[in-house]
Amino acid sequence: MKEVKPSKKPLIYYYFIVLIIVLLFNMLLMPMMTKPSVTEVDYGKFMTMAERHQISEVQVQDQEIYFTSKDGETIYKTGKMDDPNLVTMLRESGAKFSQEVVDTTVSPLLSLLSWILPFVIFIAIGQYMSKKLMEKAGGGNSMMFGMGKSNAKIYVQSTEGIHFDDVAGEDEAKENLSEIVEYLHDPTKYTEIGASMPKGILLVGPPGTGKTMLAKAVAGEASVPFFSISGSEFVEMFVGMGASKVRDLFKQAKEKAPCIVFIDEIDAIGKKRDGQFGGNDEREQTLNQLLTEMDGFEGNNGVIILAATNRPESLDPALLRPGRFDRRVPVELPDLKGREDILKVHARKVKVADGVDYNAIARMASGASGAELANIVNEAALRAVRDGRKEVTQADLEESIEVVIAGYQKKNAILTLEEKKVVAYHEIGHALVAACQSHSAPVQKITIVPRTSGALGYTMQVEEGNHYLMSKEELENKIATFTGGRAAEALVFGSITTGASNDIEQATKIARAMITRYGMSEDFGMVAMETVNNQYLGGDSSLACSPQTQADIDRMVVDMVSRQYEKALGILRDNRKKLDQLASFLYEKETITGDEFMSILESEDPSAPEALPETEQE
Ligand code: ADP
């Protein structure tokens, strides 16, 4: 593979600029500085001055006559005339006149110096600057201005380094990586039998699931140096710099072996080389260098490369082949048990009141990543401080989940009473539809306190345990639950509001996925119409079907959502009394728990208010 040399171009530019400055200096400034000023006068004035004995010295040249005034301050020049009386006139004027030349030019030595000296000075400055910059970059090697140095941060292992205990809930990943730790501790056990460790291990998973933590934990457990660099740090403006950074990183790592090199966000350099027009030369060269380096070192030399990405599908296949990143460790979002453990790990750092039910919190925080859970614990601690308490309580943790999901409570609620009524019916609509269907998660909490995220209220449903598979009925019920809010508005007020925009988006997403990806439509059966592009980052998908089919899909999505809307409307119509009762309760209280909700739903209390009173005028 072609070796890429650091660019020499900046140095050439520098010398070019120096040359221009020297030329300008000699052409414009030097003549001004070296020539004495000469005043040009006419021959008449010369004659007058001679007659008046005002001239001290005269020098006659081929074409010109130079003369100096008596006071010696001014040099005059005039054109030479064919004047036969010139000598007589000069003799009478008393001036000295000789063949000696009044020196108007610069001495040859000075002129030579004027050319050479600036060059010498500029070259010296240039050399000094480049030397200084290289020293600053940490090495006296030949790289221009130290631009090819890798700036990997080295974490030398310490007693309070991160260990596997600090990473909760990623048991499979930990098990996978503990083999590496064992190898780093005792390589002979592996080499004796002829086994070699994978050179590279790729940690893949959504953001915030603890990939960086796991890599640090491996280094912490194995007590070896840990080099950490982000993929984006290799990407440089000058072509070839990234590649030389890779070389430098591997050189350093080999010197410190056994050690761990961690490359975060490796997709920044490891993207597929698709050869498209406008491809990124620099990135490809960097990737090539990385591939070469990984091939270049022997297995079992003690350097283990860990890399993390949340876009594994975009990586170049050459990077993933055996001998490079041949082991892939998934680091997924934590399940219920995992979430509970992560909460406990982070709760160790704060003072928590006795009897906090982590399981309940973990259930409420379904779908949260490790980083979000860490954030929830921290928010709870901040809330406790704000309230002047010394311990974090269950209520703090519950409230902070809502903060992470929906933002802070808006203190100065701006809802009119009419709006509040609509929101109450809307939220109860969701909750009632969910509760009246058999395959829906129980309602945990309903609130109509506006949040800073813009939500005017929300209904929190919490699954009892882990949920890995969803049946067609469950998905349909979910769509019905999403449409429940709008259905309640239409049923009660006969008009609809903008409050359902998020519900509509969610319902459509599910319906579309059911048809295009989960094979849950009669027309298409088990044919995929859509492919997911990046499963860990929001799951964008692209359609892979004819325009005709796309139109069919759109129609089927509309059908599916309207069918569920009708179902929701039916449920609410059948339970109109309960709808009114619950909405008026929520309107009064603003927040109700799942238990309160269920007890009103199941009670047969005829005294309960039938409907909300007519809104009073504000
Ligand atoms: P990633 O590299 O996957 O984006 P990080 O490893 O940087 O995520 O995690 C960010 C933060 O989230 C960590 O500093 C830690 O506080 C918290 N965190 C994430 N996952 C876990 C976990 N499994 N156990 C404990 N803390 C976690």
Side-chain angles (χ1 to χ4, degrees), residues 152-153 155 158 160-178 180-181 200-221 226-233 260-270 304-315 325 327-350 352 358-359 361-362 365-382 392 397 400-401 403-405 466 534-539:
K153 295 181 270 302
Y155 294 89
S158 69
E160 52 302 44
I162 294 175
H163 291 271
F164 278 147
D165 288 353
D166 301 309
V167 191
E170 300 293 347
D171 294 339
E172 298 77 21
K174 280 199 271 186
E175 201 179 294
N176 220 318
L177 294 172
S178 54
I180 306 289
V181 175
I201 295 163
L202 193 64
L203 302 166
V204 293
T209 43
K211 297 182 290 294
T212 314
M213 267 191 112
L214 275 168
K216 282 187 191 168
V218 172
E221 292 282 340
F226 179 71
F227 291 83
S228 159
I229 189 162
S230 168
S232 59
E233 284 175 54
I260 288 173
V261 174
F262 177 58
I263 308 176
D264 206 357
E265 312 291 354
I266 194 166
D267 43 291
I269 46 167
I304 304 257
I305 321 278
L306 293 180
T309 178
N310 29 44
R311 307 189 53 194
E313 70 287 339
S314 72
L315 292 181
F325 286 104
R327 190 177 285 190
R328 180 189 281 227
V329 177
V331 187
E332 297 286 347
L333 286 175
D335 56 10
L336 178 60
K337 171 88 179 26
R339 290 199 298 274
E340 196 177 330
D341 292 344
I342 294 174
L343 282 170
K344 284 182 184 159
V345 164
H346 287 280
R348 288 203 300 242
K349 295 174 208 150
V350 295
V352 184
Y358 291 107
N359 184 275
I361 310 290
S366 106
S369 67
E372 278 166 329
L373 292 167
N375 194 14
I376 284 170
V377 174
N378 192 44
E379 277 292 337
L382 291 176
V392 173
L397 286 162
S400 63
I401 290 180
V403 168
V404 173
I405 297 172
N466 282 320
N534 43 7
Q535 67 192 106
Y536 295 125
L537 298 174

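Count residues from 1 along the sequence. Atoms within a ligand are numbered from 1 in the order they appear, just like the ligands themselves.
- Nearest residue to atom 12 (O) of ligand 1 from A371, A217, G169 is A371 (criterion: closest heavy atom).
- The N/O atoms of E170, backbone and side chain alike, include none that comes under 3.5 Å of an N/O atom in ligand 1.
- Within 6.0 Å of CD in E313 there are more than 12 heavy atoms belonging to other residues, nucleotides or ligands.
- Across all their heavy atoms, L397 and I376 have their closest contact at O-CG2, 4.1 Å.
- Using a 4.0 Å cut-off between heavy atoms, D166 contacts ligand 1 through its backbone alone, with no side-chain atom that close.
- From the protein, the heavy atom lying nearest to atom 15 (C) of ligand 1 is M213 SD, 3.5 Å.
- Atom 7 (O) of ligand 1 has as its closest protein heavy atom T212 OG1, 3.4 Å.
- A salt bridge does not link K349 to D166: none of the charged side-chain nitrogens sits closer than 4.0 Å to a carboxylate oxygen.
- When A168, G370, G338, P334 are checked for heavy-atom proximity to atom 23 (N) of ligand 1, A168 turns out nearest.
- Among all protein heavy atoms, the one lying closest to atom 26 (N) of ligand 1 is H346 NE2, 2.8 Å.
- For the atom pair CD1 of I342 and OG of S369, the computed distance is 8.0 Å after rounding to the nearest 0.5 Å.
- Shown here for A347 and Y358, the closest heavy-atom pair between the two residues is CB-OH, 3.2 Å.
- In this structure, atom 8 (O) of ligand 1 lies nearest to the protein heavy atom G210 N, 3.3 Å.
- At the top of the distance list for atom 19 (C) of ligand 1, counting protein heavy atoms only, stands G208 O, 3.4 Å.
- N310 is listed as a side-chain neighbour of E265, based on a closest heavy-atom distance under 4.5 Å.
- At least one N/O-N/O distance between K211 and ligand 1 falls below 3.5 Å.
- Here V167 has heavy atoms under 4.0 Å from ligand 1 in both its backbone and its side chain.
- A donor-acceptor pair under 3.5 Å is absent between the side-chain atoms of D341 and the main chain of G338, judged by distance alone.
- In this structure the side chain of I305 never reaches within 4.5 angstrom of the side chain of F262, judged on heavy atoms.
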